[in-house]
Amino acid sequence: MENNQMNADNGVNVEALLGAREALTQAPEAAQFQWRATSEWVNGTHSRTTIDKFFGLGEEQQHRSAFQFDADHPEVFAAEDNGATPVEFVLVGLASCLTAGIASVAQNRNIQLRSVKATLEAGMDLQGILGIDGDVRNGFDGIRVNFEIDADASDDDIAAIVAQSQKRSAVFDVVTNPTDVAVTVEKS
Amino acid sequence: MQDRRSQRGTGAVDVVIIGAGHSGLAMSHCLSALSIEHVLLERGAVANSWRRERWDSLRLLTPNWMTRLPGCAYDGDDPDGYMDMTQVIDFVSRYAERIGAPVETGTEVLSVSRQGSGYRVITNRGDWHCRALVLASGAFNEAAIPAVAEDVPAAVKQINAHQYKNPAQIPDGGVLVVGASATGLQIAEEIHASGRPVTLAVGEHVRMPRLYRGRDVQWWMLMSGILDECFEEVDDPARVRRLPSPQLAGTPDHSTLDLNKLIDNGVRTGGRFMGVRDGKVQFSGSLRNVCTLADLKMNRMLNAFDEWATRTGIDTEVDAVERFDATQVDAAEPLRIDLRDGSLRTIVWATGFRPDYSWLDVAVVDRKGQLRHNGGVVDAPGLYVMGLPFLRRRKSSFMHGAEDDARYLSTHLATYLGQAARFAITRIAV
């Protein structure tokens, strides 16, 4: 950066984030968060998931309002297409997490963003989930993310923002690294 | 060197220095110059870690012309070379003799605790009591191995970078080297060259060419002021201190050892080692990004070198500006390796080292096992540390960096002893 004046405004409150980083360094127990979702089957492959409360900073937290997401499968799956396909929600999470990171990192580096567009593509071989070929995995065989960014910065500086955003992204970590998943069931 | 083993071995002294490697000896030199009485306690012989805890082919990452200790520069006939371990041991041992360092060899420190206004040091050869103490026992006492190592099946041999000496220790067959710092790359290269196919697990790393525009990269870092950068000048010293050592090797032909060279040699790269599940090693899918991060960071450093060269008017004294190929990442990078089919026989952990403070009964170690210190001044009266990465300056990580650190900290220590003495006299007078 040529000057030390903070004049970029991407709408990110970096001071608050840096303050939280400092506070949570001193009180690591407050950094323990838990994210939650509840879901209910509607019909067919259609389900509705609600996001409302979460835990963090040592107490129960609540979104400003509850958010609901309908998920289904497309008509080529002989379904009713009442919402995005579950695997597409993974792309929603990855795109929005990386984009939020880009805005935050750019703000911290005093770089004004004018537009940030992402295009995501994830390949998947249906022979996996249909059980046709046991050597084919169920999930994506890879994800490609392409960012088009208009900003007051050099190509290398923009590339560095995108790289740093991946380095600090929770969803990037969730999809690139294994996570232990425990599913329990009870009869209601 | 005075071997006081027979004469002393116990007693009261102003300062105890724990460790007679290059850091402890540099401090000894500076304390002697200030006429401060001290003793160095060394569990083995002088330069013990260099003798016992390094692999056979290791060479210093700094050229000989840079390698120096207070009052003693390299005077051999290969200024651009890199010392091998025999030469390092010889250089450090001759230095100890030359400065007459009061070293108690074969003296292992069992515990250090506060006693009165000073410290009590219990060793296998008796106790010492001192007013001030310098920890110079090194930053690389133990191999830092991730907990997931416990999940590796017993059929796979595991060895860490502390135990590793040469490829003869490694069974025939495939080898996974975990870690892509200087240590991991050097070990991966020589094991692969021995005919054992190597896969290298690559997390975040620091990429650096050996030579840039015809000069050693260490020359650029020294001359442009990077190595002199002080911990107080960087935003987050804790982060910089955690950085893995740069991908460098003391190659006699001055060639660069980087991931591209290893890949050209046939080494496979994978992402960071994440764990073992269903008998398979799992690698992170973040390899592309960690390589991009390292390439971008290297280019920022080279840009800074170029700007400095232009600013200082030495552009014509060095070769033309150059840039290096981006790190290759194969579309078919492995995300898993099956440990049950016998193709992979050995895992080498090159995942870093950490200091051992288990004998330090003073509450100065944080929850992550790191010493709480401010540029070598530890968070306890009269307690100092030497020889940690970026202790005071970037060059603290290298042998030649010990000089400035020892000068500063010995002066601080002398002031502390003086104030402590005045305080004692005042108390007696009252």
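Just so it is clear, the values below take in all heavy atoms, side chains as well, and ignore hydrogens, waters and symmetry mates.
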Novice: Verify side chain to side chain contact (heavy atoms under 4.5 Å, CB included) between Glu204(B) and Lys167(A), making sure each step is shown before the conclusion.
Specialist: CA-CA 9 Å; Glu204(B) 277 191 60; Lys167(A) 177 177 163 175; 2.9 Å; yes

Novice: Near Glu60(A) CD, under 6.0 Å, is it more than 12 heavy atoms from other residues, nucleotides or ligands?
Specialist: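 Yes, enclosed.
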
Novice: Is it true that, when you exclude Arg144(A) itself, more than 12 heavy atoms of the residues, nucleotides or ligands shown sit nearer than 6.0 Å to its CZ?
Specialist: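 Result for CZ/Arg144(A): open.
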
Novice: Please round to the nearest 0.5 Å and tell me the distance separating atom NZ of Lys297(B) and atom CD of Gln164(A).
Specialist: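 If we round to the nearest 0.5 Å, Lys297(B):NZ and Gln164(A):CD are 9.5 Å apart.
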
Novice: Checking heavy atoms, do the side chain of Arg288(B), its backbone, both or neither come under 4.5 Å from chain A?
Specialist: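 Neither part.
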
Novice: Indicate yes or no: at least one non-hydrogen side-chain atom of Asp156(A) is less than 4.5 angstrom from one of Arg300(B).
Specialist: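 They are not in side-chain contact.
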
Novice: So, for Thr292(B) and Ala163(A), which heavy atoms are closest and what is the spacing to 0.1 Å?
Specialist: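 Looking at all heavy atoms of both residues, the shortest contact is CG2-CB, 4.4 Å.
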
Novice: Nearest 0.5 angstrom please: Leu335(B) CG to Asp141(A) CG, how far?
Specialist: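 Separation between the atoms: 10.5 Å.
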
Novice: Are there over 12 heavy-atom neighbours, none belonging to Glu229(B), within less than 6.0 Å of that residue's CD?
Specialist: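 Enclosed.
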
Novice: For Asp180(A), which atoms come within 4.5 Å of any heavy atom of chain B: side chain, backbone, both, or neither?
Specialist: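 Looking at Asp180(A), backbone and side chain both touch chain B.
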
Novice: I'd like to know whether CD of Gln62(A) has more than 12 heavy-atom contacts from other residues, nucleotides or ligands below 6.0 angstrom.
Specialist: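 Yes, because the 6.0 Å sphere around CD of Gln62(A) holds more than 12 heavy atoms from other groups.
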
Novice: For the CG atom on Asp155(A), are there more than 12 heavy atoms of other groups (residues, nucleotides or ligands in this structure) within a distance under 6.0 Å?
Specialist: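 Open: at most 12 neighbouring heavy atoms sit under 6.0 Å from CG of Asp155(A).
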
Novice: Which atom pair, heavy atoms only, marks the closest approach of Asn177(A) to Ser284(B)?
Specialist: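 What the structure gives for the nearest pair is OD1-OG, 2.5 Å.
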
Novice: Are more than 12 heavy atoms, taken from residues, nucleotides or ligands other than Glu40(A), located less than 6.0 Å from that residue's CD atom?
Specialist: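 No - once you tally the heavy atoms of other residues, nucleotides and ligands closer than 6.0 Å, there are 12 at most.
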
Novice: Would you mind checking which part of Arg272(B) comes under 4.5 Å of any heavy atom in chain A, side chain (CB onward), backbone (N, CA, C, O), both or neither?
Specialist: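 Contact with chain A involves no heavy atom of Arg272(B) at all.
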
Novice: Sort Ser165(A) into side chain, backbone, both or neither according to what part of it lies under 4.5 angstrom from a heavy atom of chain B.
Specialist: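 It is neither, since no heavy atom gets under 4.5 Å.
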
Novice: Is there side-chain contact between Arg21(A) and Asp236(B), with at least one heavy-atom pair below 4.5 Å?
Specialist: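 Side-chain contact under 4.5 Å: yes.
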
